[in-house]
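First up is the structure itself, then whatever we jot down about it.
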Amino acid sequence: GLIDFLNASWTPYHATYRACETLKAHGYVELNEARDDWRALVVPGGKYFYTRNASAVVAFAVGGKYRAGDGFVIVGAHTDSPCPKLKPNTRCEDGGAVRLRVQPYGGGLWHTWFDRDLGLAGRVVLKRKSTGEILHRLVKVDRAVCRIPTLAIHLDRGVNDGFKVNFQQHMAPILASSVKAALEKPVAAAAATTSTAKDEGEGDKPSSMANERHHPLFLKLIADELGCEPDEIVDFDLQLCDTQPSAIGGAQNEFIFSGRLDNLVSCYTSLRALIETTTDEALKDASGIRMIMHFDHEEVGSESSSGAAGAMTTDSVRRITAALNPQNTIEGLDERTRRASFCVSSDMAHALHPNYADRHEPGHAPKMHGGLVIKHNANQRYATDAITAFMFRELGERAGVPVQEFVVRSDTGCGSTIGPIFSTRTGIRTVDVGAAQLSMHSIREMCGVDDIDHAVKHLAATFTHFASLDAQLIVDGAIGDLCRPCDMFETTELKMSLDADARRDDLRTYADTPTKS
């Protein structure tokens, strides 16, 4: 369930890996963007996924009755969350302690990271000494190996009047005491000697990786988890992580307490909805393509090869459409496909905080357990408009789940999501939604248990029923019908009456128009 998914997904790399394992277990076939010929692999009724940078994943299933021009129904989410990430050179020794140099990723509530039991996780690049083989590996040190301690109140008497975090000065976690690290150093340094140095007769000289950039104790810690030698580690993307497991809480077990709810809840619920609606039986009579896109780097603007602002958004639609139509002779097939498509940008929403109710817009205060929240902003910080909001609301009604609305106070700035970025890059109609939560961007967040089930049902209904709903709502290509009822709702008599009225109006207008002398 969700708790297991959260506990396994400390980083975007682990979240992507966990999603891929689930997809494979349900019959999805992995594609390679660089090496595979998708025209020979992607067929109606098929289920596929691929990753980019190992931190983003796209999964899609093709309806058994797919026809050229059918649209995509997409749920977009993101795998990343605010956290301290390790700098390229982590070594920091002063004040009697070995610390790690870190930098802020995203806009975290950094004061919540103090006095927590922290582990390390991410990915590592290895170069095997014996074979020269280069490997990409995930690592997770899931025990308390470092900590960011607060300053005692006796040395900061005014701290309760306001605690301002200077990330550069205050956030370097303590890994070890200098005294204990010194005892380990001879062993670690010997282990970190490079094979190159040995070849050159410099066997007692530690590698530059250990000596200049990283403390030998730190490298040994990572190497022990990977089962390799410290000097086989050539690079990494690592971050600090809270070791406290995710949990169900509340007097009635109605809450989820965890880090990274923003936005792993959306990743999990969209994954479940996709799997539930893409069984062989469900796909047999389906049209179009059902897809999830879990992007990286949303918390820092999405501008990367694996982010929503990158080419991944357009590459997927164009390439899948081309693979399904290798002999295409239809004009504008890619553009037609996009205009027939729909995207749900799923990212967590702000629940009403009972201790800070004045920070919320009084008429739009979502609550936990109240269903997914449709997000609105007149300045396009969210991609929602009247059409996409109605459609998502209607799909929720068909699923029998509640829906809520959110808009920020008019005197407060508004955050944003992948929604506006995705719709801008692709031209696909988009609605911004999310489950309501408290403590967003804290090391420990909370949301309602009921909303997980609400989200899965709502997103599943979107995959299943969007095409039929879309066929009933004509917006573009029918400008002549904007000022009168649509033809599909008119009787023949009413249409003739409206046409007669229109002709009389035209004659009256002509008669009242003065002639030129």
Side-chain angles (χ1 to χ4, degrees), residues 2 61 71-77 254 256 261-278 282 286-293 340-352 360-361 363-377 382-408 417-420 422-423 428-437 447-475:
L2 174 61
F72 288 67
V73 179
I74 304 166
V75 180
E254 69 264 44
I256 298 169
L261 293 179
D262 175 19
N263 189 33
L264 292 184
V265 165
S266 297
C267 292
Y268 174 79
T269 53
S270 61
L271 176 64
R272 265 192 58 189
L274 181 71
I275 288 171
E276 289 182 9
T277 59
T278 56
S287 61
I289 297 165
R290 299 169 183 179
M291 172 187 278
I292 59 173
M293 302 187 78
S341 299
F342 185 67
C343 175
V344 178
S345 167
S346 183
D347 203 348
M348 299 298 278
H350 298 293
L352 174 67
H360 298 264
E361 209 289 319
H364 304 79
K367 297 177 177 62
M368 290 184 285
H369 316 301
L372 286 178
V373 180
I374 301 176
K375 307 178 188 179
H376 305 262
N377 184 263
Y382 301 128
T384 307
D385 61 23
I387 301 300
T388 60
F390 159 74
M391 298 183 88
F392 193 74
R393 198 179 299 113
E394 174 69 17
L395 291 164
E397 290 185 13
R398 295 186 182 190
V401 295
V403 185
Q404 307 182 80
E405 313 285 335
F406 170 80
V407 65
V408 75
T417 67
I418 65 169
F422 186 93
S423 60
I428 291 174
R429 293 165 292 174
T430 302
V431 62
D432 268 298
V433 308
Q437 73 159 95
C447 69
V449 169
D450 292 347
D451 288 327
I452 306 307
D453 190 48
H454 291 153
V456 173
K457 289 180 178 178
H458 202 146
L459 297 176
T462 303
F463 283 130
T464 304
H465 300 302
F466 170 76
S468 61
L469 175 61
D470 190 39
Q472 298 174 350
L473 180 60
I474 300 174
V475 177

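The first residue of the sequence shown is numbered 1, and numbering continues consecutively from there. Below, all heavy atoms of this structure are taken into account, side chains as well, without hydrogens, waters or symmetry copies.
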Legend entry - Minimum heavy-atom distance between Ala77 and Ile418, given as atom pair plus value: N-CD1, 3.9 Å
Inset, instruction - Using the side chain to side chain contact (heavy atoms under 4.5 Å, CB included) rule, take Thr417 and Phe422 through it: C-alpha gap first, then chi angles, then the decisive distance, then the call. - result: CA-CA 9 Å; Thr417 67; Phe422 186 93; over 6 Å; no
Inset, instruction - Take Phe406 and His360 through the test ring-ring contact (aromatic ring centres under 6.0 Å, His included) and record every step on the way to the result. - result: CA-CA 9 Å; Phe406 170 80; His360 298 264; 7.6 Å; no
Legend entry - Backbone N/O of Gly371 and side chain of Gln404: donor-acceptor pair under 3.5 Å: yes
Legend entry - Where Glu254 and His369 come nearest, the two heavy atoms and their spacing: O-CE1, 3.0 Å
Legend entry - Residues Thr462, Phe342; criterion side chain to side chain contact (heavy atoms under 4.5 Å, CB included); working and verdict: CA-CA 9 Å; Thr462 303; Phe342 185 67; 4.1 Å; yes
Legend entry - For Pro420 against Asp432, the heavy-atom pair lying closest together: CD-OD2, 3.7 Å
Inset, instruction - Can you see which heavy atom on Cys343 is nearest to which on Ile428, and at what distance? - result: N-CG2, 3.8 Å
Legend entry - Heavy-atom closest contact (Lys457 atom, Val401 atom, distance): CB-CG1, 3.8 Å
Inset, instruction - Ignoring hydrogens and angles, tell me if any N or O in the side chain of Arg290 forms a donor-acceptor pair with the backbone of Thr277 under 3.5 Å. - result: yes
Inset, instruction - Examine the side chains of Asp347 and Ser266 and answer whether a donor and an acceptor come within less than 3.5 Å of each other. - result: no
Legend entry - CG on Leu2 to CG on Leu261, rounded to 0.5 Å: 7.0 Å
Legend entry - Value rounded to 0.5 Å, distance of NE2 in His364 from CD1 in Ile374: 11.0 Å
Legend entry - Any side-chain heavy-atom pair of Met391 and Leu473 under 4.5 Å: yes
Inset, instruction - Kindly determine whether Val75 and Leu274 satisfy side chain to side chain contact (heavy atoms under 4.5 Å, CB included), including the steps that lead there. - result: CA-CA 9 Å; Val75 180; Leu274 181 71; over 6 Å; no
Inset, instruction - Using modelled atom types only, decide if a donor and an acceptor are shared between the side chain of Asn377 and the backbone of Tyr382 within a distance under 3.5 Å. - result: no
Inset, instruction - Working to the nearest 0.5 Å, report the span between OG of Ser423 and CG of Asp385. - result: 9.0 Å
Legend entry - Met368 versus Ala351, closest heavy-atom pair with distance: CG-CB, 4.0 Å
Legend entry - Heavy-atom donor-acceptor pair, Asp451 side chain to His454 backbone, under 3.5 Å: no
Inset, instruction - Give, for atom CD of Gln437 and atom CE of Met348, the distance between the pair rounded to the nearest 0.5 Å. - result: 4.0 Å
Inset, instruction - Could you walk me through whether Glu397 and Arg393 pass the salt bridge (charged side-chain N to carboxylate O under 4.0 Å, His left out) test, one step at a time? - result: CA-CA 6 Å; Glu397 290 185 13; Arg393 198 179 299 113; over 6 Å; no
Inset, instruction - Check whether any side-chain heavy atom of His458 sits under 4.5 Å from a side-chain heavy atom of Ser346, and report yes or no. - result: no
Inset, instruction - Could you tell me whether the side chain of Phe392 reaches within less than 4.5 Å of the side chain of Thr384, counting heavy atoms only? - result: no
Inset, instruction - Output, in order, the C-alpha distance, side-chain angles, deciding distance and verdict of side chain to side chain contact (heavy atoms under 4.5 Å, CB included) for Thr269 and Ile452. - result: CA-CA 7 Å; Thr269 53; Ile452 306 307; 3.9 Å; yes
Legend entry - Point-to-point distance, once rounded to the nearest 0.5 Å, from CG of Leu395 to CG of Leu469: 5.0 Å
Legend entry - Straight-line distance of Asp453 CG to Arg272 CZ, nearest 0.5 Å: 6.5 Å
